[in-house]
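Worksheet: one structure, shown below.
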Amino acid sequence: MAVKVDGVKLKVRDVVRVSRPNGKGRFEKAALHPEARERIAATRAYIDQTWMHDDAPLMYAFNTGVGLFKDQRVLIADMEAYQRKTVYAHATGVGEPFAEDVTRAMMLLRANAFASNYSGPRVELVERLIDFLNAGLHPVIPQKGSVGASGDLAPLAHMAGAVCGFAEAEMVYKGRRMPAREAIAKAGFEPDFELGAKDASALINGSTTSLALGALATYDARRLLKHADIAMCLSLEAMRGELAAFDPRVHRARPHPGQARVARNLLRILEGTKRCSQAARDVVFPDEPRQPGTPASPRVQDVYSLRCTPQVHGPAVEAVEYVERIIGTEMNSATDNPLIFDDGNGGYVSISGGHFHGQYVAQAMDVLAIAMADLGSISERRLARLVDPTMSYGLPRNLLAGKRGLNTGYATVQCSMSALVMENRSLATPGSVDSIPGKSNAEDHISNSTWCGRKARSVVENVEQIVAGELLMAAQALTLVEPLAKDYPLGKGSRAAMDAIRAVIPPALEGDRWYATEMRQALDLVRSGAVVEAVEDAVGALE
């Protein structure tokens, strides 16, 4: 079913459905809601009939220059040229182009902002955005150059130039990068498109690039939370840990909702486990310096990376909920300037404001980056313990299978994950507190929201790989000791997770494996959601 573009009800999951191909390699279509179309057309008809003459009062971006030229009238005779020059003047982005999903999300979100009917563009412009999206016409948009203040001017200008068929713009169509005009013609559209008054400003004025990055990163972060809980359970059972720290009574004593939710998830996944018992700990594992028949010392309590999982995963859960609220509001908002309002007397009024400022998105992305960086950090500490028998209670060193010395095991997988943790520490440094004035101080405070969105997306991608690494390594650990610990079954959810992992990644029992392939397979498992689906089929929905 097509995603309805109405300016009111768009959800993060809708953005993902349109921006990324489904399991069959197809993108969900978007469609402008008929009522939204009528509202946009009515507003624009009033604008054209009432304001488009040289005696009209000065209205920013309609009949004036922009920035410090806000008091300079633009004559109607110059309007078409002014719109084109506005796009050209702002198409100053640099760097590698955004990924396809970001570009598609930008196009959808800009159209949805127009559908709220506060921007005043021509209906033909909104429909062209949606038509190009549905046709798979993807503008080439450089990643760098926006400060997230007067909107994401540079990247949106590159999008606008491509959509309007400017000779210098480029698009990707059917996997090929080519001049935008060529791509548009190949897709069956007219390359030339005339911009009316304010169309250019409406296209480029708004923090839509930041928002696209934020919506996609938030969706991925939400999906990752349950995987992190599952990975922790597999690690806990591999190291035969304690369950007492997840007792509901403990979490009623400090009643943070995210913390309690994670504790419930862990107990649900671990339901029925015998591996987290003293009897299981009495089994001597391969690299444990304990004589057979010698009971294990009482565990009493585990290290922080195991015992404090609810207290670390929980804040991440609540941070994602906060970010989802901010992004959800922003997605259904008008973010350009000026905005057009019904005056209550059968007409409209233009009011200048500051909705283009990206501070809400910037701060939300910083929160997301910080929370997810810590989620990755604790996951890496757990998988680091798995490769060291002095910390894993005797699991084979490096989770090694096969002949020692000839084979090395998973130690370098842990090194790679630690590299991602260190990268995340730098990326999690807040960008929303930075501000450099621009344009002769016309923009004297900026949000830096595009950089905040870019780095939050990178952090989430890194954490996806770290959690996938923990799933992979914990599954390897459990496989290696299964012959010894077979009398002590895993929890119901853990068994389901192991089945889902091993259906894709066979046990590495020979030691002659290309680990990058396994890591990629594990990442694909996380992104597909197959492990969570398997666990929830076994134990019911996780929170």
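Heavy atoms only: backbone and side chains are in, while hydrogens, waters and symmetry mates are out. Numbering starts at 1 and runs along the sequence shown.
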[X] vs [Y] side-chain heavy atoms within contact, under 4.5 Å:
X    : Y    : value
L156 : L203 : no
V323 : T218 : yes
E100 : F27  : yes
V172 : M178 : no
M365 : L213 : no
M171 : F132 : yes
T64  : D71  : no

Q: Determine, using ring centers only, whether Y348 and F341 are less than 6.0 Å apart.
A: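 No; Y348 has its ring centre 6.0 Å or more from that of F341.
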Would a distance-only check, ignoring hydrogens and angles, find a side-chain to backbone donor-acceptor pair under 3.5 Å from [X] to [Y]?
X    : Y    : result
E536 : L542 : yes
R222 : V320 : no
R223 : R527 : yes
K198 : S119 : yes
S379 : G376 : no
N117 : A36  : no
S447 : G148 : yes
D6   : A115 : no
S528 : A530 : yes
D336 : F356 : no

Q) Run the salt bridge (charged side-chain N to carboxylate O under 4.0 Å, His left out) check on R457 and E461 step by step: do they pass? A) CA-CA 6 Å; R457 178 173 160 100; E461 288 174 346; 3.7 Å; yes
Q. Roughly how far, to the nearest 0.5 Å, is CZ of R128 from CG of L133?
A.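 So the gap between those two atoms works out to 13.5 Å.
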Q: Find the distance between CD1 (I204) and CG (D199) and round it off to the nearest 0.5 Å.
A: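 Taking CD1 in I204 and CG in D199, the distance rounds to 11.5 Å.
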Q: Only counting residues at least two apart or in another chain, list the ones meeting side chain to side chain contact (heavy atoms under 4.5 Å, CB included) with A111.
A: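 Scan of A111 (side chain to side chain contact (heavy atoms under 4.5 Å, CB included), adjacent residues dropped) gives V5, V126, L129, I130.
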**Q.** Under the side chain to side chain contact (heavy atoms under 4.5 Å, CB included) test, residues paired with Q311 that sit two or more places apart
**A.**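 Result, side chain to side chain contact (heavy atoms under 4.5 Å, CB included) vs Q311: H251, R254, Q259, C308.
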Residue pairs, two or more places apart or on separate chains, that pass side-chain hydrogen bond (donor to acceptor under 3.5 Å, both in side chains) and touch [range]:
range            : result
residues 169-180 : E170-R177
residues 78-88   : Y88-E168
residues 352-363 : H357-H445
residues 29-40   : R37-E127

Per the salt bridge (charged side-chain N to carboxylate O under 4.0 Å, His left out) rule, what does the pair list look like for [range], sequence neighbours excluded?
range            : value
residues 352-364 : none
residues 360-379 : D366-K455
residues 17-28   : D14-R17, R17-E28, R20-D101, R20-D220

Q: Quick one: list whatever passes ring pair (Phe, Tyr, Trp, His ring centres under 6.0 Å) with W51, sequence neighbours left out.
A: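 Ring pair (Phe, Tyr, Trp, His ring centres under 6.0 Å) check on W51 returns Y46, F62.
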Q. Partners of Y322 by ring pair (Phe, Tyr, Trp, His ring centres under 6.0 Å), sequence neighbours excluded?
A.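 If we apply the ring pair (Phe, Tyr, Trp, His ring centres under 6.0 Å) test to Y322, skipping adjacent residues, there are no hits.
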May I ask you to check whether over 12 heavy atoms, not counting those of [X], lie within 6.0 Å of atom [atom1]?
X    : atom1 : result
Y219 : OH    : no
I436 : CD1   : no
E190 : CD    : yes

**Q.** NZ or CZ of R122 within 45° of F193 ring axis and under 6.0 Å
**A.**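 Yes, cation above the ring, under 6.0 Å and within 45°.
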Could you tell me if [Y] and [X] have a donor-acceptor pair between their side chains, going purely by distance under 3.5 Å?
X    : Y    : answer
T208 : D152 : no
D434 : N448 : no
T450 : T209 : no
N424 : N462 : yes

**Q.** Least distance between heavy atoms, V361 atom then E330 atom
**A.**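 Scanning both residues, the minimum pair turns out to be CG2-CG, 3.8 Å.
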**Q.** Chi angles and distances behind the side-chain hydrogen bond (donor to acceptor under 3.5 Å, both in side chains) call for N337, N205
**A.** CA-CA 7 Å; N337 179 57; N205 199 217; 4.8 Å; no
Q: Taking salt bridge (charged side-chain N to carboxylate O under 4.0 Å, His left out) as the test, write out the residues that go with R13, two or more places apart.
A: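 None.
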Q: Show your reasoning for whether salt bridge (charged side-chain N to carboxylate O under 4.0 Å, His left out) applies to R261 and E321.
A: CA-CA 13 Å; R261 181 188 304 179; E321 289 180 343; 2.7 Å; yes
